[in-house]
Number of protein chains: 2
Amino acid sequence: MSTAPTVYDVAEQSGVSIATVSRVYRNPDSVRAQTRERVLAAARELGYVPSGNARGLASRSTGVLGLCFPDYSDPDAESEAEAGATGGGDEADDDAAMLYSDQIIRGMERAARRHGYALLIAASLKGGPESLVAKVAGRVDGFAVLARTVPTEELEVISRRQPVVMLAGPRETDHLDHLDHIEVANADGQRELTRHLIEDHGLRRLAYVGSAEESPDVEARFRGYVEACRAAGIEVGPEPDLRVGMMTQAEGARAADALLDRAGERPEALLFANDQMAVGALHTLERRGVRVPDDVAVTGFDGIALSRLVRPALTTVRQPMRRMGEEAVELLVRRLTGAHGGDPVSMMLPVSVVRRGSCGCGVAG
Amino acid sequence: MSTAPTVYDVAEQSGVSIATVSRVYRNPDSVRAQTRERVLAAARELGYVPSGNARGLASRSTGVLGLCFPDYSDPDAESEAEAGATGGGDEADDDAAMLYSDQIIRGMERAARRHGYALLIAASLKGGPESLVAKVAGRVDGFAVLARTVPTEELEVISRRQPVVMLAGPRETDHLDHLDHIEVANADGQRELTRHLIEDHGLRRLAYVGSAEESPDVEARFRGYVEACRAAGIEVGPEPDLRVGMMTQAEGARAADALLDRAGERPEALLFANDQMAVGALHTLERRGVRVPDDVAVTGFDGIALSRLVRPALTTVRQPMRRMGEEAVELLVRRLTGAHGGDPVSMMLPVSVVRRGSCGCGVAG
DNA sequence: TCAGTGAATGAAAGCGCATTCACTTTAGGT
DNA sequence: ACCTAAAGTGAATGCGCTTTCATTCACTGA
């Protein structure tokens, strides 16, 4: 691991100028075959690898796309592991569960590969001032950011110099940012799922569990719920029946308890703003001897792997996170190749309701 | 997206030299608070983001670690999707299945984050000469490579200038490469699993299905199988009973057919070198009315998510791929911080046998 | 008041490559 | 053999930043 050889070394070794060495790599056809071979031989012998940094600096482009996401790793992973233990013996079940970020990464990686880009990924790690974004932004040709990872304002500054697409977050309404956005039809999905419960299963006493932290996703879902209820002539307040803090299984379990213990008639259906909570609720209900879906229907949102493994399998709304990753790359690439005008695009990806046992549709496993 | 502002712009705007601007970012304490504020204000106003390339060039380090893996994406994804359809209704099941690469990525990302590194990932894409490795190697401080992604020889050249760790591949025996290696105890796992079938289930007529393409992993597994058999006084030849081409479900299904149709006594257990094939075999056996595990036991290797979803659930050996990713980063970081001598390290991660229904241990889901 | 200190800042030299422009071969034509 | 166009090659410059090294300042103690 001595000092790495550079173009100068290769040039000297093969008796040409550094310009020629560079050409051998950038544009082989512009160098006579014989010369080229000589250079390549020298490079091989010296163990020369072109410096991406120098290259990027000189050519003003890196061939790398980026992805920034928030640091929601470890807590989630653990709560999923805890859940998996239910299965009976398999520890480390979290290994099998794909997080959002994994899906998006996969989508982006595939698409990036197709276009000849590599992918740089980084989670925020509650970093200081320049931390995350600077790290990524400074090293890529363009990048995607999961909503609420870094202040929109900051992104906007950056988007003046390179393409930035925001994932799963709506355009700022007050501010009207100029970023590209790719969202998921949260409201549509929750509306459709709610409609299903009401019309197809004849349920009318519904309870919605949302989140205290304000997330546009969760708000949109609740909005869809409200719309479906109103459309069916069911009264609903402007707020979810319950708001929890973290949207974890533990909170979901607690929420189910709270809802069941409330005075008045027991709800016929518990709608949760995500799968994690719904799974937690499933546990609570089982413990209390409340049958699902006979006594009460339960639904989630997201379509995580776990939703299919629990019993009864969870009815939910699947988000196309992988596709979102792919679309993000396509969009970035288009921007980089100069397509599109200056106008920011917003893209809304459709979701699909997955009907499974927990709402009474029992079939699929 | 006009020309991006540079240190020069910020320096001019704030009335200092570029050295000071640089210091504000690299070592804030060395600049008077008042000056620092002035610089940061200018930076904000201009939308300045330090160029990672220039930085890397000047400081000879990137703060990025890399991962290269082979391009086994799409074929696998599709075969898994096909399998998922068995479940009955959920399309897009491949979305829920984590590939090896996903696990490793996750492990590496977590560990890298802890150490303040970002992660650059790239799949080979059967690239030309410089393609993959050059792309990654030139942009990172060190990186991991999945075995058989690129010729060891090439890696070795690169490892002269930066840390390289090979994942899931043994050290070259003839050649004795100087790379760091992290492997999985394939032989141990298959030996233990085989022992389990023989001793705990009393099975003695076993059949092993390997792969035609020579992969050190698969060879090690077979070796473990042979060892366990010999230890139990069971005769086995030097070759698997069957070698298939691709280790896919389709091939596994075919293999089961072939094995069942062979003259002589039917085997009591079918051991496959990976889960994919074992799952395929499960389908064949069901179709033919052969009961698992009553008529014949079936085992896989890998512990993919699908192995738990099929019926009966597949007994297999779980590989700690995520942990492998983490260890890889730890190793790289240690190398970068100058720990370790020059001697290459080899690390062997333990695997665990997962006993499920398909071998007769029926319990867990 | 003045040399002596340490802190804050500036000047300048690269880091390794791409690229333009000018120059030298070589091939093609007569 | 001589000229022209095309193909190959080299010299030199700059990409945006980090990093000595030197310089300037504001103080300190004598």
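Just so we're on the same page: letters track the sequence lines, and every chain starts at 1.
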As a test of reading the structure: which of [options] is closest to the side chain of [X], going by heavy atoms?
X	options	value
A:Ser51	C:dA12, C:dG16, C:dT19	C:dG16
A:Ser22	D:dC17, C:dA18, C:dT9	C:dA18
B:Ala19	D:dT19, D:dC17, C:dG16	D:dT19
A:Arg55	C:dG16, C:dA18, D:dG10	C:dA18
A:Ala58	C:dA18, C:dC15, C:dT9	C:dA18
B:Leu57	D:dT9, C:dG16, D:dC17	C:dG16

**Message:** Assuming nearest nucleotide by heavy-atom distance, tell me which of A:Arg32 and A:Pro5 is located more 5' along DNA chain C.
**Reply:** A:Pro5

Could you give the [atom1]-to-[atom2] distance, from [X] to [N], as a whole number of Å?
X	N	atom1	atom2	result
B:Arg23	D:dT18	CZ	P	11 Å
A:Gln34	D:dT9	CD	P	8 Å
A:Ile18	D:dG14	CD1	P	14 Å
B:Arg36	C:dA7	CZ	P	15 Å
B:Leu46	D:dG16	CG	P	13 Å
A:Asp29	D:dA6	CG	P	18 Å
A:Arg139	D:dC15	CZ	P	19 Å
B:Arg26	D:dC17	CZ	C1'	10 Å

**Message:** Using side-chain hydrogen bond (donor to acceptor under 3.5 Å, both in side chains), reason through B:Gln13 and B:Tyr48 one step at a time and then give a plain yes or no.
**Reply:** CA-CA 11 Å; B:Gln13 171 97 11; B:Tyr48 168 71; over 6 Å; no

**Request:** Please state whether the base of D:dC17 and the side chain of B:Tyr8 form at least one donor-acceptor pair under 3.5 Å?
**Result:** yes

**Asked** Any donor-acceptor pair under 3.5 Å between the side chain of B:Arg60 and the base of C:dG16?
**Response** no

**Request:** Compare all side-chain heavy atoms of B:Leu46 with those of B:Val10 and state whether any distance is below 4.5 angstrom.
**Result:** yes

**Asked** Is the backbone N or O of B:Ser61 less than 3.5 Å from a side-chain atom of B:Asp141, with the two atoms forming a donor-acceptor pair by type?
**Response** no

**Asked** Can A:Arg334 and A:Glu330 be counted as an ion pair, charged N to O under 4.0 angstrom?
**Response** no

**Message:** If the threshold is 4.0 Å, N to carboxylate O, is there a salt bridge linking A:Arg32 and A:Glu37?
**Reply:** no

**Request:** Could you check whether B:Val31 gets within reach of a base, just the sugar-phosphate, or nothing at all, counting any heavy atom under 4.0 Å?
**Result:** sugar-phosphate

**Asked** What is the nucleic acid contact for B:Thr6, judged by heavy atoms within less than 4.0 Å: base, sugar-phosphate only, or nothing?
**Response** sugar-phosphate

**Distance-minimising heavy-atom pair for B:Met166 and B:Ala147** = SD-CA, 3.6 Å

For a quick test of reading the model: is some side-chain N or O of [X] closer than 4.0 Å to OP1 or OP2 of [N]?
X	N	value
A:Ser59	C:dA18	no
B:Tyr48	D:dC17	yes
B:Thr20	C:dG10	yes
B:Ser30	C:dT9	no

